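The block underneath contains the structure these notes are about, expressed in structure tokens.
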Amino acid sequence: IRDIFLVPAPHIAALFHGGTPNGRYEKELVLQRIKEPLVSSTRQDDIENAIHTTLKNKETLLLEAGIGNGKYTALVKAILKHHEGTKEKTLISVASTGLQEILFNTIFPEFQKKNDTNGIVLVKEMQKYISPKRLAAYVDKPKKTPEEACFAAKIYLWSTYTENGEQDEISLTNEEYRRWENINVNPWQCDITTEPYLQKAYKKEENAAILVCYHRALAKEVMSPINHLKKIQNLVICEAHQFEKQVVAATSRIYSLDIIRERFPIPEAITQKLEFFFGMLGMIFNTFTTNPGDSLLIQDSHRNSKEWQQIRELFFGLVEQLKEGFDSNTSVYGELLEELSIIENLFSNEKQTSSAVLYQNHEEQIRLRYIPIETMDTLWNMDFFKEQTSRIFMSSIMRVAKSFDYIRDRLRIPETAKECVIPANPEITKNLKVI
């Protein structure tokens with residue numbers, strides 16, 4: 001930073017010790033200094049022991065570990081210690097991909113083994129991996145636009161030297177991210193058992209002691225018909241206070257005619273029914289709202305209307321037509337059928353387990369946002385969670401009014417779960433000021 005970073009204005013340079021009027025740095029930055037040397041927290045051992053005891057006794061633990069205690073180091077040490085004696089596999093779920101990368105670049109390297117047998121492996125969604133077969137078909141596609149040709153050349157060049165075939169290895173624009181769906185691993189478009197990069201990743205996961213993913217990816221994976229996460233005996237949910245929010249985001253959907261057209265190469269007959277379907281949703285929206293910028297939460301009064309009955313008939317008629325064409329074109333009909341099956345409850349006469357919001361985008365195209373209601377109940381009932389013997393919910397902030405009751409209720413955590421509170425490291429908190 002000292003060599004390449006120039007501050008253009010004197011008043012900005014003045015914020016740093018060593019900043020001169022011409023904006024160049026001559027001395028160490030104040031922001032790089034620490035007033036007093038930090039003392040390692042003595043509570044790290046307490047965190048490690050609490051986690052190891054939970055794994056050993058096959059229990060559920062609510063752990064609030066304040067900042068500055070090295071909780072992630074303690075977590076990995078406890079898991080690897082437990083793994084040495086039992087060979088049980090543990091999955092750690094964190095709140096974001098950003099935290100994933102931080103952990104892999106800071107905490108985890110010191111524990112990584114030279115071989116994969118006891119390693120720590122990052123779990124990514126299958127759509128993040130390139131499919132060589134689909135890429136070859138895309139490159140050979142005739143009459144490509146200039147933008148498509150540039151994308152094909154860029155990805156093909158990268159594919160000649162990549163070892164893992166992961167999307168995160170290459171920088172893409174927003175438009176290129178959308179084109180990625182034409183060349184990535186898609187279970188409806190290719191045989192995943194023959195995809196080399198995906199199978200290489202699965203092999204690493206199979207031999208790892210610890211798997212790490214983020215909350216959204218975990219929810220999508222375990223609720224997918226093709227779930228490859230198997231034999232996970234222990235689950236650790238980090239930043240547990242964000243888990244429900246991320247799961248809801250992962251399981252909600254946005255539907256519109258233009259989005260479906262872009263994602264699925266659907267026949268004209270299906271397109272016409274979709275046009276009628278979204279046209280009727282637009283009629284409902286215009287009937288019960290006054291401004292284009294409004295949104296409409298679908299309630300019982302809307303479901304009992306004559307228009308909604310027509311929408312229901314259109315939806316199930318569309319589903320039946322997709323089922324009839326499934327055998328002739330599995331890749332086209334199957335993927336769309338799976339996508340629409342997610343919102344089937346919205347149009348059934350059964351108890352509603354989801355809600356829906358209608359709104360318009362800036363081009364006044366109608367959008368249907370699907371939001372599951374009983375998300376956590378649905379999630380915990382998936383087969384994946386029946387294999388686990390221990391669960392740990394961990395975060396720096398979990399209690400409300402010094403009680404775990406709120407998070408117990410939101411995440412459906414049983415009353416038998418143990419509780420543990422480790423205060424923040426005073427060496428960190430004493431320098432913090434409340435603003």
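Just so it is clear, the model here is predicted, and its values are computed rather than measured.
Other residues, nucleotides and ligands place more than 12 heavy atoms under 6.0 Å from the NZ atom of Lys200. Counting non-hydrogen atoms of other residues, nucleotides and ligands closer than 6.0 Å to NZ of Lys245 gives a total of 12 or fewer. Other residues, nucleotides and ligands contribute at most 12 non-hydrogen atoms within 6.0 Å of the CG atom of Asn174. For Phe316, the CZ atom counts as densely surrounded, since its 6.0 Å shell holds more than 12 non-hydrogen atoms of other residues, nucleotides or ligands.
Using modelled atom types, no side-chain atom of His82 and backbone atom of Ile79 make a donor-acceptor pair closer than 3.5 Å. Under a 3.5 Å cut-off, the side chain of Asn304 and the backbone N or O of Ser301 do not form any donor-acceptor pair. Although no hydrogens or angles enter the test, the distance criterion places no donor-acceptor pair under 3.5 Å between the side chain of Arg408 and the main chain of Leu62. Between the Lys144 side chain and the Lys141 main chain, a donor and an acceptor come within less than 3.5 Å of each other. A donor-acceptor pair under 3.5 Å links the side-chain atoms of Gln309 to the main chain of Arg303, judged by distance alone. Proximity of a side-chain donor or acceptor of Gln360 to a complementary backbone N or O of Arg367 within less than 3.5 Å is not detected. Asn227 contributes a side-chain N or O that, together with a main-chain N or O of Leu229, makes up a donor-acceptor pair within less than 3.5 Å. Remark: side-chain polar atoms of Asn381 are not paired, donor with acceptor, to backbone N or O of Thr378 under 3.5 angstrom. Arg369 places no side-chain N or O within 3.5 Å of a backbone atom of Ile254 that could act as its donor or acceptor partner. In terms of modelled atom types and a separation under 3.5 Å, the side chain of Trp308 and the main chain of Leu281 share no donor-acceptor contact.
Here OG1 of Thr271 is found 5.0 Å from CD of Glu268. Values are rounded to the nearest 0.5 Å. Expressed to the nearest 0.5 Å, how far CG of Leu63 lies from CE of Met398 amounts to 7.5 Å. Note that CD of Gln242 and OG of Ser93 are 11.0 Å apart. Values are rounded to the nearest 0.5 Å. To the nearest 0.5 Å, the span separating OH on Tyr359 from CD on Glu364 amounts to 14.5 Å. Note that NZ of Lys306 is 12.0 Å distant from CD1 of Ile284, once rounded to the nearest 0.5 Å. If you take CZ on Arg412 and OG1 on Thr375, they are separated by 9.0 Å, rounding to the nearest 0.5 Å.
Glu166 and Lys128 are not joined by a salt bridge, as no carboxylate oxygen comes within less than 4.0 angstrom of a charged side-chain nitrogen. Using a cutoff of 4.0 Å between basic side-chain nitrogens and carboxylate oxygens, Arg178 and Glu175 are scored as salt-bridged. Using a cut-off of 4.0 Å between Lys/Arg side-chain N and Asp/Glu carboxylate O, Lys230 and Asp383 are scored as not salt-bridged. A salt bridge does not link Glu148 with Lys143: every distance from a Lys NZ or Arg NE/NH1/NH2 to an Asp or Glu carboxylate oxygen is 4.0 Å or more. Looking at Glu205 and Lys89, no side-chain N of the basic residue comes within less than 4.0 Å of a carboxylate O on the acidic one, giving no salt bridge.
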Original post:
Checking side chain to side chain contact (heavy atoms under 4.5 Å, CB included) for the pair Tyr197/Thr162: CA distance, chi angles, key distance, verdict?
Top reply: CA-CA 10 Å; Tyr197 296 118; Thr162 179; 3.7 Å; yes
Subject >> Working for salt bridge (charged side-chain N to carboxylate O under 4.0 Å, His left out), residues Arg312 and Glu307 >> reply: CA-CA 9 Å; Arg312 179 181 288 121; Glu307 291 85 356; over 6 Å; no
**OP:** Report the C-alpha separation of Cys238 and Leu75 in whole Å, then their side-chain angles, then the decisive distance to 0.1 Å, and conclude whether the side chain to side chain contact (heavy atoms under 4.5 Å, CB included) test is met.
**Re:** CA-CA 10 Å; Cys238 299; Leu75 172 65; 4.0 Å; yes
**OP:** Tell me, with the steps shown, if Phe277 and Tyr255 meet ring-ring contact (aromatic ring centres under 6.0 Å, His included).
**Re:** CA-CA 11 Å; Phe277 174 73; Tyr255 296 85; 8.7 Å; no
**OP:** Take Leu336 and Leu340 through the test side chain to side chain contact (heavy atoms under 4.5 Å, CB included) and record every step on the way to the result.
**Re:** CA-CA 6 Å; Leu336 180 56; Leu340 293 181; 4.1 Å; yes
**OP:** Please test Ile343 against Phe315 for side chain to side chain contact (heavy atoms under 4.5 Å, CB included), starting from the C-alpha separation and ending with a verdict.
**Re:** CA-CA 10 Å; Ile343 59 173; Phe315 177 82; 3.9 Å; yes
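Residues Met382 and Val222 come closest through the heavy atom pair CE-O, 3.3 Å. The shortest heavy-atom contact between Phe104 and Ile120 is CE2-O, 3.6 Å. Scanning all heavy atoms of the two residues, the minimum distance from Ile155 to Trp180 falls at CD1-CZ3, 4.3 Å. Taking each heavy atom of Ile183 and Phe151 in turn, the nearest pair found is CD1-CZ, 3.7 Å. The heavy-atom pair separating Leu235 from Phe385 by the smallest distance is CD2-CE2, 3.7 Å. What you find for Val400 and Tyr406 is that their closest heavy atoms are CG2-CB, 4.0 Å.
Aromatic ring pairs are classed by plane angle as parallel below 30°, tilted from 30° to 60° and perpendicular above 60°; the pair Phe243 and His215 is perpendicular. The aromatic rings of Tyr202 and His228 sit parallel to each other, their planes meeting at less than 30°, with 60° as the upper class boundary.
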Acceptor/donor pairs from residues 130-138 side chains to any protein atom, 3.5 angstrom cut, sequence neighbours excluded:
residue : atom : partner : partner atom : Å
Ser131  : OG   : Arg134  : N            : 3.3
Ser131  : OG   : Glu195  : OE1          : 3.1
Ser131  : OG   : Glu195  : OE2          : 2.9
Lys133  : NZ   : Thr194  : OG1          : 3.4
Arg134  : NH1  : Glu181  : O            : 3.1
Arg134  : NH1  : Asn184  : O            : 2.7
Arg134  : NH1  : Asn184  : OD1          : 3.1
Arg134  : NH2  : Glu181  : O            : 3.2
Arg134  : NH2  : Asn182  : O            : 3.4

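The shortest side-chain heavy-atom distance between Leu297 and Leu358 does not fall under the 4.5 Å cut-off. Residues Val319 and Glu324 fail the side-chain proximity criterion, which asks for heavy atoms closer than 4.5 Å. Counting heavy atoms from C-beta outward, Arg410 and His241 have side chains that stay 4.5 Å or more apart. Inter-residue side-chain proximity for Cys213 and Glu221 is flagged as unmet; no heavy-atom pair is nearer than 4.5 Å. Within the 4.5 Å cutoff, no side-chain heavy atoms of Asn286 are placed close to those of Met283. The side-chain heavy atoms of Leu314 and Lys273, taken from C-beta on, include no pair separated by under 4.5 Å. Looking at heavy atoms from C-beta onward, Leu257 lies out of side-chain contact with Gln365 at the 4.5 angstrom threshold.
When each of Lys231, Gln388, Gln233 is paired with Glu88, the side-chain contact (heavy atoms from CB on, under 4.5 Å) condition holds for Gln233 and for no other. The only member of Gln246, Glu125, Lys124, Glu239 that meets side chain to side chain donor-acceptor pair (under 3.5 Å) when paired with Tyr214 is Glu125.
Checked by atom type, the side-chain pair Lys220/Thr251 shows no donor-acceptor distance below 3.5 Å. In this model, a donor atom of one side chain and an acceptor atom of the other lie less than 3.5 Å apart for Thr90 and Asn234. Judged by distance alone, the side chains of Thr60 and Arg391 never bring a donor and an acceptor atom under 3.5 Å apart.
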